[in-house]
Structures are given as C-alpha cells and as structure tokens.
Amino acid sequence: MCGIVGLYLKKPELEGQLGKLFEPMLEAMTDRGPDSAGFAIYGDEVADGWVKLTLQAIEADYGWKHLMGALEGRLGCSLDWFQNASAAVLKVNCEEERARAALADLAPEVRIMSAGQSIEILKGMGLPKEISERFGLGKMKGSHIIGHTRMATESAVTMEGSHPFSTGADLCLVHNGSLSNHFRLRQELKRQGISFETENDTEVAAGYLTWRLQQGDSLKEALDKSLEDLDGFFTFAIGTRNGFAVIRDPIACKPAILAETDDYVAMASEYQALASLPGIENAKVWEPEPATMYIWERA
Amino acid sequence: MKTIDLSSASVRDLNQALHGDVQDREWVVTHPAGKHNLAVGVNQAVSIDINGHAGYYCAGMNQKASVTVHGNVGVGVAENMMSGTVRVKGSASQAAGATAHGGLLVIEGDAGARCGISMKGVDIVVGGSIGHMSCFMAQAGRLVVCGDAGDALGDSLYETRIYVRGEVKSLGSDCIEKEMRAEHLEELQELLNRAGFDADPASFKRYGSARTLYNFKVDNASAY
C-alpha cells in the first residue's frame with residue numbers, strides 16, 4: 001500500500017501557496033505509507049540553455065560547497081546552487097550530459113534525483129511529516145507538485161526506493177500498486193540501454209516511460225503503451241514540465257480520486273488528502289475510470 | 001438529536017456512542033472529512049446523517065439503522081450490511097454493498113467498480129452508472145442501475161437479479177439478458193419507489209444467471 005497525491009494550480013497567483021496547500025495532503029496519507037515519502041515540485045524555472053539538477057547525498061553534512069567549487073572549475077560556466085537538508089539544487093548553464101558527466105567524475109557518491117528546467121525531486125525515509133519538515137515543503141512555491149508516501153512491498157526501504165522516480169527531463173512518476181512483470185521488463189529495458197539504481201518495481205515503470213519517450217512517443221502514447229506492457233496493479237501520477245497526468249490499470253484495484261475547481265486540480269489515493277483544500281466542498285469530485293488517461297497541461 | 005463533530009471527536013468516539021445504550025434516535029455527524037469506518041456495526045434503529053464525504057467502509061455491517069451520507073463515500077460502503085438503509089447522496093467508490101445480506105443501499109450518483117460484489121441478499125439501487133465487474137459472484141438480492149454498467153457485469157453470477165436502464169458494456173461469464181415479465185416490472189417499480197427514483201420500469205432490461213456454472217461439466221474433466 002502507498003499513498004499518492006498531486007496538486008496542479010490553474011492560477012499563477014496561487015503559486016506562492018503551493019507548499020502550504022500540499023503539505024497537509026501529503027501528511028494525510030501517512031496511514032497508507034509511513035516508511036518513506038517524497039515529492040516532485042515544479043517551479044522556479046531556469047532559462048533556456050540552463051539545467052536544474054536535484055542532488056542528494058547520504059550524509060546530512062555533505063560538503064556541497066567544496067563540490068560546487070570543483071564543478072564550476074571543471075565546467076567553466078555559470079552556476080548557482082543552494083542546499084536543502086541532505087539535498088542540493090544546482091542550476092548550471094550547460095548541457096545536462098556535461099553536468100552529469102562532471103558530477104559522476106567528481107562525486108560518484110552523489111545521486112541525481114531529477115534533471116530539467118523546472119523539476120526538483122526531494123525524498124527520503126521517515127514519516128511524511130518528517131520529510132516535509134526536513135525539506136521545508138510548507139514554504140515552497142511552484143505551479144504543481146506530486147507526492148508519495150510509501151509502504152514498501154516489492155523492495156527494501158531505502159532513500160533510493162522512495163518515490164518519485166524521474167523518467168526524463170522534467171518528468172517523474174509516483175506509483176501505488178505493484179508490478180508483477182517488473183523483473184523480466186527490467187532485463188528487456190537494460191538491453192535497450194536503460195539503467196536502474198534500485199530493485200524497485202516502480203523504477204521499472206519509470207524506466208519504461210523513459211524508454212518509450214526516447215523512442216519518440218508522446219507522453220500520451222507512452223502511457224497508452226504502458227497499459228499493454230506493464231502487468232500488475234497501478235495508479236500512476238505523472239508530473240511533466242507544464243502539467244500532470246493520472247492513469248490507472250484496467251482492473252483499477254488501487255484507489256484514486258480527483259477533484260477540480262476553478263483554482264486547481266487535485267488527486268489523491270483517498271479523499272482524506274483532499275479534505276484540507278480550500279473550496280473542496282463545492283469541487284467536482286470523481287473517481288478516475290480504469291485504463292483511462294487524465295491529463296492537465298498549461299498552454 | 002445528537003451531534004458528533006469529527007473535527008474534535010474521534011471516529012472511535014462516534015462508533016462507541018452508536019454501539020452503547022443509545023437514547024437518541026437521530027444522530028448528525030459533522031466534518032467527516034473522508035474519514036474511514038464511520039457508523040460501522042450499528043445495530044439499532046437510529047437515523048444517522050453524515051454531513052459531508054465519508055471514507056472507506058462507511059456504514060459497514062449495518063443492522064436496522066438508516067444512514068444518509070450527504071456527500072461521496074469511499075471503498076466498501078455498507079459492506080456486509082444485514083438490514084436497514086444506507087443512502088449516499090453523492091457517488092460511491094468501489095465494492096459498494098459488497099457481501100451485504102439484506103437491507104437497502106441507495107446511491108444517488110455513480111458507483112465504481114465491483115458494485116455489489118458477492119452480494120447475498122441486499123437490494124442496491126444506483127441512480128447513475130456502475131463500474132466494471134459489478135455483481136461479481138453475487139448470490140442473492142437485486143441490483144438496479146438507472147445509468148450504464150461497465151465491463152463484465154454479473155461475472156460468475158448465481159441468483160441475483162440485475163436491472164439496467166442504460167448501456168451494458170459487456171456481460172461476464174454466465175450472465176445473460178432475460179425476459180422482463182410482469183412480476184419483474186412490479187418488483188423493479190417497488191425498488192425504484194423505495195429508492196425514491198422516478199424511472200419507468202419498462203425502460204430497463206433484466207440480466208441474470210444462465211446457471212451453467214452450478215455443476216461441474218464432465219466434458220471438462222480432461223482439463224484438470
């Protein structure tokens with residue numbers, strides 16, 4: 001069992017409240033997932049030509065300043081960064097691949113959680129309340145956010161095993177359910193050049209979408225194919241640079257609920273996570289259909 | 001009238017009060033906020049109004065009570081109900097009325113997948129549509145759907161009678177359309193009346209079990 005939640009703001013004037021609105025949503029899903037939690041927040045976009053990377057170290061007192069100095073010297077381009085608990089958000093004016101190569105060389109122990117122009121993925125082990133406090137979720141700004149509270153069933157409880165999983169630039173996925181064909185699918189995806197960092201079944205789903213997108217599929221096409229190729233139970237929430245999507249498997253065993261007002265679209269595993277949202281009393285609330293895609297995007 | 005406010009009281013407070021020596025016949029529950037297990041296991045003839053959305057297993061195992069939810073409900077509303085009435089003014093999630101033995105469950109909106117799964121005598125009347133695999137392995141009772149039904153309606157059905165006004169996406173194993181005779185029109189009219197829905201019984205179709213799954217087919221023996 002796990003809890004997934006998402007909040008997509010329709011009005012830019014609400015962006016300052018994103019973290020404040022989302023924090024109780026994540027914490028309301030503690031009963032569904034008390035071992036780890038995480039979220040992917042979209043906002044604070046970097047200019048074209050820049051890339052934003054969320055980095056995470058095991059140690060809380062990792063020497064980020066030293067690493068960033070070395071990185072600046074290696075890349076020879078403009079760089080900006082800030083630390084957030086055990087994570088660091090790095091903005092750099094170069095191609096993603098160059099930044100990744102330099103990081104792999106200088107600090108192989110640092111994990112790259114996300115890359116893109118807008119996305120930041122922050123996650124870890126512990127109660128959702130601890131995670132949101134650790135990263136200061138309540139004060140964060142942005143356009144949309146998806147989150148996950150984990151009760152591990154398919155793999156170990158580790159920081160890496162917690163969601164969201166990045167599936168490409170500015171793309172990520174959270175999952176409630178379990179995949180039954182993840183082992184074989186992982187072998188096939190490895191042959192296609194997709195690499196994995198954990199034994200987690202959800203990482204295979206993320207890898208699958210990455211592969212489909214690399215093959216030139218649109219997000220919609222990739223999700224359509226996932227309904228054929230992923231065997232098991234899933235409700236997915238997917239974040240993109242300018243929107244988010246929800247999809248459930250054809251059996252629709254895993255719960256999901258959606259709510260929409262003029263101000264926002266929100267999704268959660270259970271209504272409890274939506275109860276704290278303003279105007280929820282008059283929102284349109286419904287249960288998404290099985291094997292049906294729901295996508296919201298900014299123009 | 002007794003009011004329990006769940007923004008200050010706990011769900012346990014509510015359920016213990018309803019299980020105790022109940023003096024009040026009318027109960028109001030405020031600020032339910034989608035909490036689970038509201039008004040479960042009640043076995044007294046009281047009326048309970050839940051003012052808002054309820055979570056999982058609302059009014060489960062109900063006996064005698066009349067529960068009205070002025071909002072939506074989560075998974076398993078009125079699960080294993082024995083008697084009484086549960087009315088949902090909004091929509092219901094999956095497995096509404098699962099394994100219920102008696103009483104009446106009315107859902108004014110839509111119900112999700114597996115509505116009436118393994119029902120054993122309950123009457124369920126849905127104002128809107130129902131999801132896939134509804135009435136799966138149902139054994140007794142009646143299901144009325146004023147809207148449409150999803151895939152595999154009545155899969156592995158035993159004796160439940162199903163009435164659907166709208167479109168049925170597909171029928172499950174051993175579920176067939178059956179003739180609407182006078183007694184069925186009468187039965188359906190009575191169910192619609194009890195649920196408070198104004199619909200013409202003649203606009204419904206009836207579905208039921210072909211009863212071919214009751215006995216082992218010796219022709220299949222080689223497959224085992």
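In what follows, chains carry the letters A, B, and so on, assigned in the order in which the sequence lines appear, proteins first and then strands, with residues in each chain numbered from 1. Being a predicted model, the structure only gives us computed values, none of them experimental.
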Undergrad: Mark yes when over 12 heavy atoms from residues, nucleotides or ligands other than A:Lys10 sit less than 6.0 Å from its NZ; otherwise mark no.
TA: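 Atom NZ in A:Lys10 is packed in, count exceeds 12.
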Undergrad: Does a sphere of radius 6.0 Å around CZ in A:Phe233 hold more than 12 heavy atoms from other residues, nucleotides or ligands, not counting ones at 6.0 Å or beyond?
TA: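 Counting neighbours around CZ of A:Phe233, 12 or fewer heavy atoms of other residues, nucleotides or ligands fall under 6.0 Å, so no.
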Undergrad: Please indicate whether A:Lys225 has more than 12 foreign heavy atoms, meaning atoms of other residues, nucleotides or ligands, lying under 6.0 Å from its NZ.
TA: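 Yes, because the 6.0 Å sphere around NZ of A:Lys225 holds more than 12 heavy atoms from other groups.
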Undergrad: State whether the number of non-hydrogen atoms from other residues, nucleotides or ligands found under 6.0 Å of B:Arg194 atom CZ is greater than 12.
TA: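 Counting neighbours around CZ of B:Arg194, more than 12 heavy atoms of other residues, nucleotides or ligands fall under 6.0 Å, so yes.
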Undergrad: Residue by residue, scan residues 27-43 of chain B and write down, ordered by number, those that have a heavy-atom distance under 4.5 Å to chain A; if none do, write 'none'.
TA: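 Against chain A, the residues of residues 27-43 of chain B that fall inside the cut-off (heavy atoms, under 4.5 Å) are B:Ala33, B:Gly34, B:Lys35, B:His36.
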Undergrad: Heavy-atom distances under 4.5 Å only: say whether A:Ile251 touches chain B with side chain, backbone, both or neither.
TA: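 Interface part for A:Ile251: both.
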Undergrad: Should we say atom NZ of B:Lys2 is surrounded by more than 12 heavy atoms from elsewhere, each under 6.0 Å from it?
TA: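 For B:Lys2, atom NZ is not crowded (no more than 12 foreign heavy atoms under 6.0 Å).
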Undergrad: Near B:Phe204 CZ, under 6.0 Å, is it more than 12 heavy atoms from other residues, nucleotides or ligands?
TA: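 For B:Phe204, atom CZ is crowded (more than 12 foreign heavy atoms under 6.0 Å).
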Undergrad: Answer with side chain, backbone, both or neither: which region of A:Pro250 has an atom nearer than 4.5 Å to a non-hydrogen atom of chain B?
TA: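 A:Pro250 touches chain B through backbone heavy atoms alone.
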Undergrad: Can you tell which part of A:Glu270 gets under 4.5 Å to a heavy atom of chain B, answering side chain, backbone, both or neither?
TA: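 For A:Glu270, side-chain heavy atoms alone lie under 4.5 Å from chain B.
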Undergrad: With chain A as the partner chain, list the residues of residues 119-140 of chain B whose heavy atoms fall under 4.5 Å from it, by residue number, and write 'none' if nothing qualifies.
TA: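 Contacts with chain A: B:His132.
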Undergrad: Using non-hydrogen atoms and a limit below 4.5 Å, what part of residues 84-107 of chain B faces chain A?
TA: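 The list, in residue order, reads B:Ser93, B:Gln94.
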Undergrad: Tell me whether B:Asp198 at atom CG has more than 12 heavy atoms from other residues, nucleotides or ligands lying less than 6.0 Å away.
TA: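 Counting neighbours around CG of B:Asp198, 12 or fewer heavy atoms of other residues, nucleotides or ligands fall under 6.0 Å, so no.
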Undergrad: Of all the residues in residues 51-77 of chain B, which have a heavy atom that comes within less than 4.5 Å of a heavy atom in chain A?
TA: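 From residues 51-77 of chain B, the residues near chain A are B:His53, B:Tyr56, B:Asn72.
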